[in-house]
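By convention in this document, chain letters (A, B, ...) are assigned in the order of the sequence lines, proteins followed by strands, and residues within each chain are numbered from 1. On a predicted model such as this, the values are computed, not experimentally measured, just so you know.
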Amino acid sequence: MFSLLSKLTPPLSKTALHLPKSFSTTTPQPQNTTSAAAILTGLILTSTNPKSLTQSLLSPSINWTPLLVDTILKQLWNHGPKALQFFHLLLHNHPTYIHSVSSFDHAIDIAARLRHYATVFTLLHRMRSLRLHPTPKTFAIIAERYVAAGKPDKALKIFLSMHEHGCFQDLHSFNTILDVLCKAKRVEKACNFFKVLRGKFKADVISYNIIANGWCLIKRTNMALETLKEMVEKGLTPNLTTYNIMLKGYFRAGQIEEGWKFFLEMKKRKCEIDVVTYTTVVHGLGVAGEIKRARKVFDEMVREGVLPSVATYNALIQVLCKKDCVENAILVFEEMLRKGYVPNSTTYNVVIRGLCHKEQMDRAIEFMDKMRDDECGPNVQTYNIVIRYFCDAGEIEKGLELFQKMSCGDCLPNLDTYNILIGAMFVRKKPDDLVVAGKLLIEMVDRGFMPRRLTFNRVLDGLLLTGNQGFAKGILRLQSRCGRLPRQFKL
DNA sequence: ATAGGGTTAG
């Protein structure tokens with residue numbers, strides 16, 4: 001297996017500087033766009049009358065720009081129907097403003113996620129009639145949504161028909177579709193497709209890396225090695241990314257000692273191992289419970305002159321939370337602050353989860369408040385973590401309180417949030433809780449999230465058992481409209 | 001948005 005490593009000639013170029021990611025410049029958004037977007041998002045969410053909303057949106061005082069539209073669409077991501085309504089109102093009613101390609105991409109993404117495929121194709125055609133060309137990215141979005149909906153063949157079909165929509169197929173787009181399939185764990189399908197077309201598109205190292213990573217994602221490291229062997233036989237040279245993929249694959253598959261040996265071999269062969277390599281090993285060892293070894297590797301990387309990134313710290317903090325103790329994790333968190341790193345939402349979420357797990361909810365909330373000061377406010381994941389732990393601890397009211405807080409803030413609940421809360425409505429066996437569950441069910445459907453049939457049935461049973469026949473009937477009609485009706489029912 | 005490292009429970 002290490003014969004692959006000998007192909008690493010000449011040595012990979014050294015990355016000039018290993019600056020922590022937080023030191024890189026981020027593009028600031030104009031303040032006026034951010035605040036205008038927040039106001040408009042609020043307006044769209046609270047409006048009940050499309051006509052008056054249209055009038056408000058057409059007000060000449062609003063200076064529509066692609067950035068403003070994109071920002072609003074992102075904020076409405078977890079309220080798909082409202083997002084599409086907004087996009088269409090501008091599209092059909094504004095006298096001068098024309099949507100940009102990126103706004104069309106957002107709208108297509110949302111429509112495809114809602115499985116409104118007719119809308120997807122209408123928008124594609126509308127783009128062409130406006131002489132805006134769909135890009136390879138547009139097709140990557142559609143393909144990804146098809147795969148997520150369990151329709152990988154449709155994804156391949158749309159890729160193969162790209163040229164009919166005025167978009168050229170090349171190696172880039174070929175690699176993209178392979179990656180979409182692999183990331184969705186449809187590796188077998190990706191591999192077959194790859195074998196048929198790799199000659200035509202002149203597959204490169206990136207193509208092989210994508211397939212090898214796919215096998216690693218489903219823990220079939222031997223198939224990944226096979227793929228890389230084929231690559232070498234075709235005269236292509238593995239690069240550092242190739243080795244990092246294999247390394248991660250071993251740890252993910254629980255082959256800790258294989259991973260460790262591979263890491264030692266990478267060092268011996270003088271690969272210019274980088275921050276990604278070290279982060280992979282720190283995380284891999286830590287997840288396996290090897291905290292001391294993980295720490296050693298972390299110290300070693302600093303000695304070797306490879307600066308840890310925020311992701312490296314996140315990896316270390318997470319494994320300390322899981323396999324050591326939260327206190328030590330928080331010490332590392334404080335150390336990273338002292339060194340000038342800016343924690344991101346992942347850092348906070350990891351610490352908050354660790355605190356929740358140790359039933360230190362008050363401290364978890366403190367960290368949540370600290371996030372706001374670091375201008376990465378709590379995100380949906382943060383809320384979902386804390387809401388889940390409150391509910392698990394039987395503090396349903398506190399969970400609901402946080403849910404209310406997010407509903408009126410800039411962070412809309414997602415499918416997980418609704419599933420967590422609806423599930424929690426059954427623990428106290430209170431009739432009122434089931435009414436809340438029913439209301440949550442109605443709200444989530446309204447926002448474009450599809451509850452599972454089981455969820456419908458549980459809520460229905462609960463309402464019937466607590467004597468709420470009237471409401472149950474309404475839920476049953478909703479279930480019917482969603483196509484989630486049990487067979488034996490006829491309405 | 002052509003590839004690799006940190007968040008998720010069961």
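A search for side-chain contact (heavy atoms from CB on, under 4.5 Å) contacts involving A:Leu156 returns A:Asp153, A:Ile177, A:Leu181, A:Lys189, A:Phe193, not counting sequence neighbours. In this structure, the salt bridge (Lys or Arg N to Asp or Glu O under 4.0 Å) partners of A:Glu335, at least two apart in sequence or on a different chain, are A:Lys339. Under the rule for a side-chain contact (heavy atoms from CB on, under 4.5 Å), the partners of A:Val276 that lie at least two apart in sequence or sit in another chain are A:Asn244, A:Asp274, A:Thr280. Residues passing the side-chain contact (heavy atoms from CB on, under 4.5 Å) test with A:Ala37, sequence neighbours excluded: A:Leu68, A:Thr71, A:Ile72, A:Gln75. Under the salt bridge (Lys or Arg N to Asp or Glu O under 4.0 Å) criterion, A:Arg293 pairs with A:Glu257, A:Glu290, sequence neighbours left out. In this structure, A:Lys296 has no side-chain contact (heavy atoms from CB on, under 4.5 Å) partners at least two apart in sequence or on a different chain.
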Report, one line per pair, each donor and acceptor closer than 3.5 Å where one atom sits in a side chain of residues 202-210 of chain A; sequence neighbours left out.
from, atom 1, to, atom 2, distance (Å)
A:Asp204, OD1, A:Asn175, ND2, 3.4
A:Asp204, OD1, A:Ile206, N, 3.2
A:Asp204, OD1, A:Ser207, N, 3.0
A:Asp204, OD1, A:Ser207, OG, 2.8
A:Ser207, OG, A:Asn175, OD1, 2.6
A:Ser207, OG, A:Asp204, N, 3.0
A:Ser207, OG, A:Asp204, O, 3.4
A:Tyr208, OH, A:Arg198, NH1, 3.4
A:Asn209, OD1, A:Thr242, OG1, 2.9
A:Asn209, ND2, A:Asn239, OD1, 3.4
A:Asn209, ND2, A:Thr242, OG1, 3.4

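Taken residue by residue, residues 199-212 of chain A places heavy atoms nearer than 4.0 Å to DNA chain B at A:Ile206, A:Asn209, A:Ile210. At a non-hydrogen distance threshold of 4.0 Å, nothing from residues 389-399 of chain A comes into contact with DNA chain B. Within residues 169-190 of chain A, the residues approached by DNA chain B to less than 4.0 Å at the level of any non-hydrogen atom are A:His172, A:Asn175, A:Thr176, A:Asp179, A:Lys183, in residue-number order. Near-neighbour residues of DNA chain B inside residues 278-295 of chain A, defined by a heavy atom below 4.0 Å, number-ordered: A:Thr279, A:Thr280, A:His283.
Nearest heavy-atom pair, A:Phe121 versus A:Tyr146, reported as atom, atom and distance to 0.1 Å: CE1-OH, 3.6 Å.
Evaluation of the salt bridge (charged side-chain N to carboxylate O under 4.0 Å, His left out) test over residues 379-403 of chain A, restricted to residues two or more places apart or in two chains, returns A:Glu395-A:Lys398, A:Glu397-A:Arg428.
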